[in-house]
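Notes follow the structure.
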Amino acid sequence: MGGSLREERLRKLQLLRARGIEPYPASFRTTEPIAAVVERFAGLAPAERADHRSRLAGRITALRRMGRATFLDLREGEAKIQGYANQDGLAERYELLELLDIGDFLGVEGPIFKTKRGELSIEIESFTLLAKALRPPPEKWHGLKDIELRYRQRYLDLLANPEVRQRFTLRSRIVSAMRSFLDSRGFLEVETPILQPIYGGAAARPFETFHHALGQKMFLRISDELYLKRLIIGGYPKVYEIGKDFRNEGLSTEHNPEFTQMECYQAFADYHDMMELAEQLIFWIAKEALGQTVISYQGREIDLAPPWRRLTLREAILERTGLDIALHTTKKALEEEAARLGLRLTPQPTWGKLVDELLSEYVQPELIQPTFILDYPVEISPLAKRKADSPALVERFELFIGGLELGNAFSELNDPLDQAERFRQQEELRRLGDEEAQVLDEDFLIALEHGMPPTGGLGLGVDRLVMLLTDARSIRDVILFPTLRPPGR
RNA sequence: GGGCCGUUAGCUCAGGGGCAGAGCACCUGCCUUUUAAGCAGGGAGCCGCAGGUUCGAGUCCUGCACGGCCCA
């Protein structure tokens with residue numbers, strides 16, 4: 001069943017071809033975009049004619065037929081102009097208008113004028129069908145609401161819902177502002193492998209694939225970290241990459257298996273420098289892309305002006321739960337104390353993961369204003385440098401805004417022997433069943449042994465940043481084509 | 001993985017045991033400055049899929065698929 005609407009349009013297509021009209025011509029030269037005409041002639045008085053002819057092209061979004069006169073709306077991007085045609089002007093070509101439908105692309109030529117009611121219009125003296133649409137667009141009043149259709153047929157969502165179009169335009173501006181900020185600070189944009197023989201740089205399960213010519217299993221990267229550090233070792237002082245990472249985990253309003261991350265690394269910097277960089281970066285992006293630095297996210301006002309609050313992980317958990325993790329340094333002791341305080345925790349394999357659980361359960365939802373949480377347990381941070389005065393902790397922060405985890409940064413571990421020992425600990429965790437434990441990367445260790453300067457590194461979740469800046473509740477609303485199950489047949 | 005909710009015309013949605021509905025869209029007719037054009041008439045459905053209960057099932061029950069929200 002193709003549906004009678006489609007069959008009707010196919011019938012019109014045949015009629016057009018029967019009259020020698022090609023419904024999908026190769027090109028059409030316009031004199032200017034519709035937006036230029038709208039801007040230039042907005043000031044025309046009602047019923048006034050401009051001394052100007054245009055050739056314009058756009059998609060027909062409305063058709064009002066009135067016998068021997070026809071009005072149609074032509075849209076090109078955000079801009080719209082009305083076309084006016086009548087039988088006097090078009091003579092025998094007028095009846096061809098019968099074969100047009102909403103959704104078709106049309107090229108028109110004629111003088112610009114305003115109707116008596118003040119609508120800017122082009123008087124159609126000639127027209128060319130540019131592409132016939134065989135399926136009707138979504139409903140004109142209510143748009144496209146079905147969430148599943150909006151994700152699966154995003155092009156319809158973009159056509160029908162202007163706020164969706166605006167949000168994705170804003171996403172592009174945000175990424176563009178991110179690049180211009182980093183470029184202006186002297187960072188070099190690079191590209192590192194997405195297809196990798198060994199994955200690393202984060203705690204996550206990977207997607208696996210197979211390279212036939214090499215006869216070898218390969219992985220999609222879960223992070224850019226270990227390759228960007230190799231570039232710091234190679235002598236670049238400041239590098240960054242904006243690209244897709246892939247993590248083989250569940251989907252949620254904050255997780256898509258394929259997501260965009262910005263990672264940057266700076267030699268001779270530490271995590272304090274990365275905090276400054278992060279707050280300046282996001283402040284700049286808000287100013288550039290949004291034009292404002294006080295934003296509203298899910299009904300709460302957030303001020304992005306630096307400096308942002310800095311709080312150790314220990315202080316943050318103490319503040320929210322009354323539990324001092326520094327006083328309970330084994331998994332068992334921490335579990336018992338949490339139970340005594342009536343804290344609801346899911347069982348975790350290690351002390352560090354328990355701490356992480358306390359953070360995400362009790363602290364993160366309260367972190368609405370921008371906050372850096374600092375100094376994480378070494379066992380959940382295998383690539384970060386230990387704090388000189390307390391070697392069970394590392395120089396690491398995570399950034400939270402609006403309850404979202406937006407970023408992660410370290411003073412990078414550059415001691416190759418300590419790094420080797422961390423990998424060994426991760427392998428032990430893997431043997432105990434932790435599928436997210438990191439895998440030993442010998443080649444990376446060799447690189448580190450050649451000497452990496454003290455380095456600060458920062459990772460920012462671009463999708464989540466876009467969520468924050470466009471007030472989106474779900475990550476699927478900021479990813480054009482989010483991961484979905486294939487539709488059942 | 002669990003709980004709850006949703007799936008009816010191209011789209012937006014009513015209908016919750018008794019003839020399958022509305023608005024937009026579509027088709028036909030009238031209409032030469034309309035604009036959510038208007039007026040008159042018409043067509044359009046595997047009611048997500050598969051079973052079950054019933055004289056009778058969009059409607060009640062079970063399973064499945066897809067999606068959403070919450071929890072793990």
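Everything numeric here is computed off the predicted structure, so don't read it as measured data. Order of the sequence lines sets the chain letters (A, B, ...), proteins ahead of strands, with each chain counted from 1. What you see below is based on every heavy atom in this structure, not just the backbone, and it leaves out hydrogens, waters and symmetry mates.
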Legend entry - P-based separation of B:A20 from B:A9 [nearest Å]: 15 Å
Inset, instruction - Looking at every strand, decide which applies to A:Lys12 at a 4.0 Å heavy-atom threshold: base, sugar-phosphate, or nothing. - result: sugar-phosphate
Legend entry - Distance between P atoms of B:A40 and B:G23 (Å, rounded): 12 Å
Legend entry - Sugar-phosphate, base or nothing in reach of A:Leu156, heavy atoms under 4.0 Å: nothing
Inset, instruction - For B:G56 versus B:C19, give the span between their P atoms, rounded off to a whole number of Å. - result: 15 Å
Legend entry - B:A65 versus B:A50 - spacing of their P atoms, nearest Å: 15 Å
Inset, instruction - Could you tell me whether the side chain of A:Glu119 has a donor or acceptor atom within less than 3.5 Å of a complementary atom in the base of B:U35? - result: yes
Inset, instruction - Select one nucleotide: of B:U28, B:G23, B:A25, the one nearest the side-chain heavy atoms of A:Pro136. - result: B:A25
Inset, instruction - Take atom C1' in B:C26 and the same atom in B:C71, then report the distance between them in whole Å. - result: 45 Å
Legend entry - Main-chain N/O of A:Thr483 paired with A:Asn256 side-chain donor or acceptor, under 3.5 Å: yes
Legend entry - Salt-bridge present (A:Arg205, A:Glu435; N to O < 4.0 Å): yes
Legend entry - Along RNA chain B (nearest heavy atom to each residue), the more 5'-positioned of A:Ile102 and A:Arg68: A:Ile102
Inset, instruction - Please work out which of the three classes, parallel, tilted or perpendicular, describes the rings of A:Phe71 and A:Tyr84, given edges at 30° and 60°. - result: tilted
Legend entry - Whether A:Phe41 and A:His52 hold their rings parallel, tilted or perpendicular, with breakpoints at 30° and 60°: tilted
Inset, instruction - Return each pair, listed once, that meets salt bridge (charged side-chain N to carboxylate O under 4.0 Å, His left out) where at least one residue sits in residues 242-259 of chain A; pairs must be two or more places apart or across chains. - result: A:Arg221-A:Asp245, A:Lys244-A:Glu258
Inset, instruction - Name the nucleic acid region contacted by A:Arg485, choosing base, sugar-phosphate or nothing; use a 4.0 angstrom heavy-atom cut-off, strictly under. - result: sugar-phosphate
Inset, instruction - Determine the interatomic distance between P on B:G3 and the same-named atom on B:G10; round to the nearest Å. - result: 33 Å
Inset, instruction - Identify which nucleotide among B:A25, B:U32, B:U34 has an atom closest to any side-chain atom of A:Tyr84, counting heavy atoms from C-beta outward. - result: B:U32
Inset, instruction - Report which part of the nucleic acid A:Asp73 touches: base, sugar-phosphate, or nothing (heavy-atom distance under 4.0 Å, all strands). - result: nothing
Legend entry - Test side chain to side chain contact (heavy atoms under 4.5 Å, CB included) applied to A:Glu315 - qualifying residues, sequence neighbours left out: A:Leu311, A:Thr312
Distances under 3.5 Å between protein N/O atoms and the N/O atoms of nucleotides 68-72 of chain B, please, pair by pair.
from  : atom 1 : to       : atom 2 : distance (Å)
B:G68 : OP1    : A:Arg476 : NE     : 3.3
B:G68 : OP1    : A:Arg476 : NH1    : 3.2
B:A72 : OP1    : A:Arg344 : NH1    : 2.5

Legend entry - Among A:Leu90, A:Leu63, A:Leu100, side-chain contact (heavy atoms from CB on, under 4.5 Å) partner for A:Thr70: A:Leu63
Inset, instruction - Between B:C4 and B:G41, how far apart are the P atoms? Round to whole Å, please. - result: 48 Å
Legend entry - OP1 or OP2 of B:C11 under 4.0 Å from side-chain N/O of A:Lys145: no
Inset, instruction - Starting from P on B:A25, measure out to CG on A:Leu159 and report it in whole angstrom. - result: 17 Å
Inset, instruction - Identify whether any heavy atom of A:Arg65 sits under 4.0 Å from a base atom; if not, whether one sits that close to sugar-phosphate; answer base, sugar-phosphate or nothing. - result: base
